[in-house]
Amino acid sequence: MWWNPTRDDFKSFEGSLVDGLGELSRPMFLSFQAMMTSLENRFGDYKKSSPKVNIHLSSIVKAAQDACLRLGSLKTTYTEMRFGITEFQRYYLEVCGCLDYLQIYRPRMDGQNPPAETVANCVGAFTHIARVAQDFHSAGLPVWLLRPSKLWDTPVECNILEVVTPVNPTDALCVSPHDPPFPPIYSGPASHHNRHGAIHIYSRHWLAFKDPFEGGPSKGQLIYFCATLGLIAFTASKPSITQSADGNRISPPKGSQSPARGVSGVSSSQKAYVL
């Protein structure tokens, strides 16, 4: 799952009218599809054993299915393909994390199952709340309880096995800016639930194409609109000449207005709208 695609994993779509479109190579997509199938089987087992399915988990599973389907069926640019892979990876890990929490760790935290005897190989958590540290310890998850250093000088004993230097994340994680850059979708505390909400909302809308019904009129529509208005103004300002019963032409008196000609069914007291 910890994999970054390269240009070799992008297969261009031959015969396209637009250059640069393609899709993920078939072998890599099939490996992702197999992972999605395995995840769906595990989610199915969870639904059978749980009286009430977690709604949040169900929505993430559906989002992972959609992300996987787009990777195998939708032609995109190379950058969009990379983003789509990252999206599927995130959803996959979120589903695994939710299932692990609901099936393994939460029963230990609630006392339904015995405490863990080993520590899981995962990131864990940093907390300043003692109860959270106890819950994580019971679940078998790595946890670090943060306290002021001045407490070390008190009679309370601190179980400090070794003082070490924190690891620089730039040596282990990719923290370089995205190319091409784009504005952030969330600003705020990393532990706030709004952060995850912003990520999921953006994921639902990031892959969108130009809306044909959005924006102003085209150049041709503007020309037709202006020409029609000009015709209406010309015919409205030109005096109309009628013929009496004896054959003489009668012009309207000065200051009067004649009906607008050129627009069928519109009287002088009505406004003409041309679309």
Side-chain angles (χ1 to χ4, degrees), residues 1-2 32 34-68 86-167 169 172-173 186 188-201 203-204:
M1 180 52 65
W2 298 103
F32 280 154
M35 296 173 63
M36 187 68 239
T37 301
S38 175
L39 198 64
E40 289 172 337
N41 293 336
R42 184 181 175 187
F43 178 65
D45 295 338
Y46 159 75
K47 290 194 297 183
K48 294 177 182 178
S49 61
S50 178
K52 185 177 181 181
V53 179
N54 186 280
I55 298 178
H56 179 69
L57 175 59
S58 300
S59 65
I60 300 178
V61 172
K62 180 61 168 60
Q65 292 171 333
D66 293 341
C68 184
T86 303
E87 181 182 37
F88 174 74
Q89 290 172 326
R90 178 179 183 88
Y91 281 135
Y92 180 89
L93 294 175
E94 283 193 6
V95 173
C96 290
C98 285
L99 287 173
D100 288 344
Y101 172 75
L102 294 173
Q103 294 179 314
I104 302 175
Y105 303 124
R106 184 173 179 178
R108 296 174 181 173
M109 294 178 180
D110 294 341
Q112 299 177 13
N113 293 339
E117 298 180 356
T118 58
V119 180
N121 183 20
C122 59
V123 176
F126 293 85
T127 181
H128 61 282
I129 304 175
R131 176 60 189 273
V132 173
Q134 290 176 295
D135 288 339
F136 272 62
H137 180 267
S138 299
L141 295 169
V143 60
W144 288 264
L145 179 61
L146 305 179
R147 295 189 297 171
S149 58
K150 62 181 182 181
L151 296 179
W152 298 355
D153 300 331
T154 64
V156 179
E157 295 184 0
C158 298
N159 185 22
I160 302 175
L161 303 179
E162 183 181 2
V163 178
V164 298
T165 303
V167 177
L173 301 176
Y186 170 76
S191 59
H192 200 278
H193 62 83
N194 286 346
R195 170 175 173 265
H196 302 280
I199 293 174
H200 290 168
I201 292 175
S203 177
R204 296 180 64 89

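In this text, all values refer to a predicted model and were calculated from it rather than measured experimentally. Here, residue 1 is the first one in the sequence, and each next residue gets the next number.
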Once side chain to side chain contact (heavy atoms under 4.5 Å, CB included) is applied, do any residues pair with Glu117, and if so which ones, sequence neighbours excluded?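 With sequence neighbours excluded, Glu117 shows a side chain to side chain contact (heavy atoms under 4.5 Å, CB included) to no residue whatsoever.
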
Please round to the nearest 0.5 Å and tell me the distance separating atom [atom1] of [X] and atom [atom2] of [Y].
X      : Y      : atom1 : atom2 : answer
Cys122 : Leu93  : SG    : CG    : 12.0 Å
Met36  : Tyr92  : CE    : OH    : 9.0 Å
Cys68  : Glu87  : SG    : CD    : 11.0 Å
Gln65  : Thr37  : CD    : OG1   : 9.5 Å
Asn194 : Tyr186 : CG    : OH    : 5.5 Å

Passes side-chain contact (heavy atoms from CB on, under 4.5 Å), His200 versus Tyr91? Steps please. CA-CA 9 Å; His200 290 168; Tyr91 281 135; 4.0 Å; yes

Side-chain donor/acceptor pairs under 3.5 Å, residues 134-144, sequence neighbours excluded:
| from | atom 1 | to | atom 2 | distance (Å) |
| --- | --- | --- | --- | --- |
| Asp135 | OD1 | Arg131 | NE | 3.1 |
| Ser138 | OG | Gln134 | O | 3.1 |

Please table the atom pairs, donor to acceptor, closer than 3.5 Å between any side-chain atom in residues 43-54 and protein atoms at least two apart or in another chain.
| from | atom 1 | to | atom 2 | distance (Å) |
| --- | --- | --- | --- | --- |
| Tyr46 | OH | Asn54 | N | 3.2 |
| Ser49 | OG | Asp45 | O | 3.2 |
| Ser49 | OG | Tyr46 | O | 3.1 |
| Ser50 | OG | Lys52 | O | 2.9 |
| Asn54 | OD1 | His56 | N | 3.0 |
| Asn54 | OD1 | Leu57 | N | 2.9 |

Mind jotting down which residue pairs meet the salt bridge (charged side-chain N to carboxylate O under 4.0 Å, His left out) criterion with at least one end in residues 118-130? Sequence neighbours excluded, please.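 Listed once each, the pairs would be none.
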
Can you pull out every salt bridge (charged side-chain N to carboxylate O under 4.0 Å, His left out) where at least one residue sits in residues 98-115? Sequence neighbours excluded, please.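 For residues 98-115, and leaving out neighbouring residues, the salt bridge (charged side-chain N to carboxylate O under 4.0 Å, His left out) pairs sorted by first residue read Arg42-Asp100, Arg106-Asp110.
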
Can you name the side chain to side chain donor-acceptor pair (under 3.5 Å) partners of Asn113, sequence neighbours left out?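 Asn113: no side chain to side chain donor-acceptor pair (under 3.5 Å) contacts found.
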
For His128, give me all partners under side chain to side chain donor-acceptor pair (under 3.5 Å), at least two apart in sequence or on another chain.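 Partners of His128 under the side chain to side chain donor-acceptor pair (under 3.5 Å) test: none.
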
Within a reach of under 6.0 Å around CG of Leu146, are more than 12 heavy atoms found that belong to other residues, nucleotides or ligands?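 More than 12 heavy atoms, drawn from other residues, nucleotides or ligands, come within 6.0 Å of this atom.
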
Would you say that more than 12 heavy atoms from the other residues, nucleotides or ligands in this model lie under 6.0 Å from the CG of Asn121, or not?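 Open: at most 12 neighbouring heavy atoms sit under 6.0 Å from CG of Asn121.
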
Measuring only between side-chain heavy atoms, which start at C-beta, is Arg204 closer than 4.5 Å to Ile201?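 No. Closest side-chain heavy atoms not under 4.5 Å.
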
Please enumerate all residues that pass salt bridge (Lys or Arg N to Asp or Glu O under 4.0 Å) together with Arg195, with sequence neighbours excluded.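 Expected list: none.
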
